Amino acid sequence: MEYLLFMLAMAVFVLVIFGMEAVRTRREERDFIKTLYENYDKLAEKEYALERFARMDSYFDRHLKAGQLDDITWNDLGMDELFKRMNYTLSASGEEYLYYTLRTLKQSREELEHLEDAVRFFGDNPDVRVKVQLAARRLGYTGKFSLYNYLDNLDILGERSNTKNILADFLFLPLIGLLWINFPIGIVGIVILTIYNIVTYFREKGEIDPYITSFSYIMRLMRACEELGKIDVPVCAGEWEEMRRARKGLAGMKRNSYWVMSPYRGNASGDILAVVMDYIRMVFHVDLLKFNSMLKILRGHIEDVDALVSVMGYAETCIAVWEFRQSLSGRSAERTEEGEGGEAEGCGGRGWCVPEFVPEERIEIREGYHPLLEAPVKNGIAAKRGVLLTGSNASGKSTFLKTVAINAILAQTIHTCAAGAYKAQFFRVYSSMALRDDLNSGESYYIVEIKALKRILDAASEGEPILCFVDEVLRGTNTVERIAASTQILKSLGHSGILCFAATHDIELTELLKDYFDNYHFEEDVRDGDVFFNYKLKTGRATTRNAIRLLELMGYDSGVIERASAQAEYFMTSGVWKA
């Protein structure tokens, strides 16, 4: 009786624990759903460890195309930070697809219009959006490595056959029969076979364990896509049909997969069922048998897994774009080039706009700003040929280059610009801005820079329109050769088919390149012992010379200031340097 009471108490205890966990899970999901409805534009905090970024480009690397942003341009523009700024995704599939999207410049209106339709659909149908996000949350992440890292390494496992494991299992039948004939020998045979199976089990289990993570993610991916299939998203009918086709191809993996994916596997709680299932696995290798059959199916349907990742990633990316747009809506009343509190004309006060694409070689931006700045000064420009920017350090040249470049990229990737209006041709985008010495190859800054510029000229020779951005061209060499070489390189970048934005401190270039580039500048105001920047773009070349004045503000000796001023004035009037 006491034993039964103890067992009953244990059963009640287990039920209470499971009940409390179920209540907690439901409460968490309810709170999460409330957040999705009410705080959709609030970016959740995420830890971006090095291994996370190491796997981020896995989907991108598997889907390389001509015209995608190269590493130099991506790093020059600080696109990792922009990615984090708009990473509203909730799964590894969504995260990797968003990264791929930001690096893949679309070259057709059809693709962008389809994206726009999907983004608006999810925005207009919050119940559908939340259902998709719940499915993505349940899918979750793969951990330290990408799913594609595992898929690419499947060959390491080699060909795995179930023959040996099946024969070992069938040997139990004659040994059990032997018990009726010679019980001691039958027992000894069963024990020996059991020990052999357990020993070989742990050896094989060690080989497949690293791949259980990927198999588990694929199972969750199939369940998540099954949830998506129940949601009516007519705007994504093509993607949903592809998802259904891919699920059929992988259906065989799902049958009896609990032997491999069961939550009891490796459970250290002492649960009796967990222990029993572990012993069944060890003795009869049922999880190894199922793993091998799943592996065979997976090897023949890698592209179906990729299709499921693509559909889930595309849906999450569309939702992330919509949420990113909502987060930009508060930017409509920030500082503009016209002054304080201006509203972005053309975006209806939203802080963002949908781009317009035209066949002419041009780019036009009104009220454009850098989406990572807290209180940006908005600027606009209309360019049909190269643009040469001059101005002092910290006046806003580099930020403006990045503003134009990032908006051009956002226009052709997520059909969204941080601007009042954007109109341009379809471009391939390149930059040469934030370069540094390559210590690994031993190449100097100058070598790195001329290679970066050469790749832009090589890309232009392919005949597609190029939009490029160069900050302080050839800063890694002496003044005379820098100006001579810069003039000729920028002339090459000023030809038809290339729209080049370049920033320079060499005021001589404004005159040498006046037939190829339009001159714009930023300026500062030195007053009351301090320097003030308004970050407003102005037409023409820079006219202020405050570098020497800044030495004075920093407390340099007056003799140094006077001699430097006289030397600079002499050069400006005579064109000759005097020591």
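Bear in mind that the values here come from a model prediction, so they are computed numbers and not experimental data. FYI, the numbering just counts along the sequence from 1.
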Any side-chain heavy-atom pair of Phe517 and Leu509 under 4.5 Å: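 They are not in side-chain contact.
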Donor-acceptor pair, [X] side chain versus [Y] backbone, under 3.5 Å?
{"X": "His521", "Y": "Gly540", "value": "yes"}
{"X": "Lys491", "Y": "Tyr516", "value": "no"}
{"X": "Asn379", "Y": "Tyr535", "value": "yes"}
{"X": "Lys106", "Y": "Thr413", "value": "yes"}
{"X": "Arg129", "Y": "Leu36", "value": "yes"}
{"X": "Thr510", "Y": "Arg541", "value": "no"}
{"X": "Gln326", "Y": "Trp322", "value": "yes"}

Side chain to side chain donor-acceptor pair (under 3.5 Å) contacts in which one or both residues fall within residues 418-427, not counting sequence neighbours: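 Found none.
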Sequence neighbours excluded - side chain to side chain donor-acceptor pair (under 3.5 Å) pairs with any residue from residues 60-73: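 Passing the test, one end in residues 60-73: Arg62-Asp152, His63-Asp306, Lys65-Tyr100, Gln68-Thr104, Asp70-Thr73, Asp70-Arg455, Asp71-Arg103, Thr73-Arg455.
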For a quick test of reading the model, state the closest non-hydrogen atom pair linking [X] to [Y] and the distance between them.
{"X": "Thr89", "Y": "Ala320", "value": "CG2-CB, 4.3 Å"}
{"X": "Gly67", "Y": "Leu105", "value": "O-CD1, 3.8 Å"}
{"X": "Lys397", "Y": "Ser392", "value": "NZ-O, 3.1 Å"}
{"X": "Asn125", "Y": "Phe121", "value": "ND2-O, 2.8 Å"}
{"X": "Val321", "Y": "Thr416", "value": "CG1-OG1, 3.7 Å"}
{"X": "Phe427", "Y": "Leu499", "value": "CZ-CD2, 3.9 Å"}

Side chain to side chain donor-acceptor pair (under 3.5 Å) between Ser432 and Glu449, intermediate numbers included: CA-CA 7 Å; Ser432 175; Glu449 187 177 18; 5.1 Å; no
Lys84 to Tyr48 six-membered ring, cation-pi geometry met (6.0 Å, 45°):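 Checked: cation-pi criterion met.
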Arg55 to Tyr141, cation-pi by 6.0 Å centre distance and 45° axis angle: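 Negative - Arg55 is either too far from the ring of Tyr141 or too far off its axis.
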Run the salt-bridge test on [X] and [Y] with the 4.0 Å N-O cut-off and return the result as yes or no.
{"X": "Glu95", "Y": "Arg52", "answer": "yes"}
{"X": "Glu462", "Y": "Arg428", "answer": "yes"}
{"X": "Glu323", "Y": "Lys42", "answer": "no"}

Verdict with supporting geometry, Glu523 and Ser395, side chain to side chain donor-acceptor pair (under 3.5 Å): CA-CA 6 Å; Glu523 61 185 21; Ser395 61; over 6 Å; no
Lys46 atom NZ: more than 12 heavy-atom contacts under 6.0 Å: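 Check passes, neighbour count above 12.
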Residues, nucleotides or ligands: over 12 heavy atoms within 6.0 Å of Tyr556 OH: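 It does not: Tyr556 OH has 12 such atoms or fewer within range.
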Pairing residues for Glu116 by the side chain to side chain donor-acceptor pair (under 3.5 Å) criterion, not counting sequence neighbours: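 Once residues adjacent in sequence are excluded, the partners of Glu116 under the side chain to side chain donor-acceptor pair (under 3.5 Å) criterion are Arg120, Arg325, His415.
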Pair Asp506-Arg482, salt bridge (charged side-chain N to carboxylate O under 4.0 Å, His left out): steps then yes or no: CA-CA 9 Å; Asp506 295 321; Arg482 180 177 67 247; 2.8 Å; yes
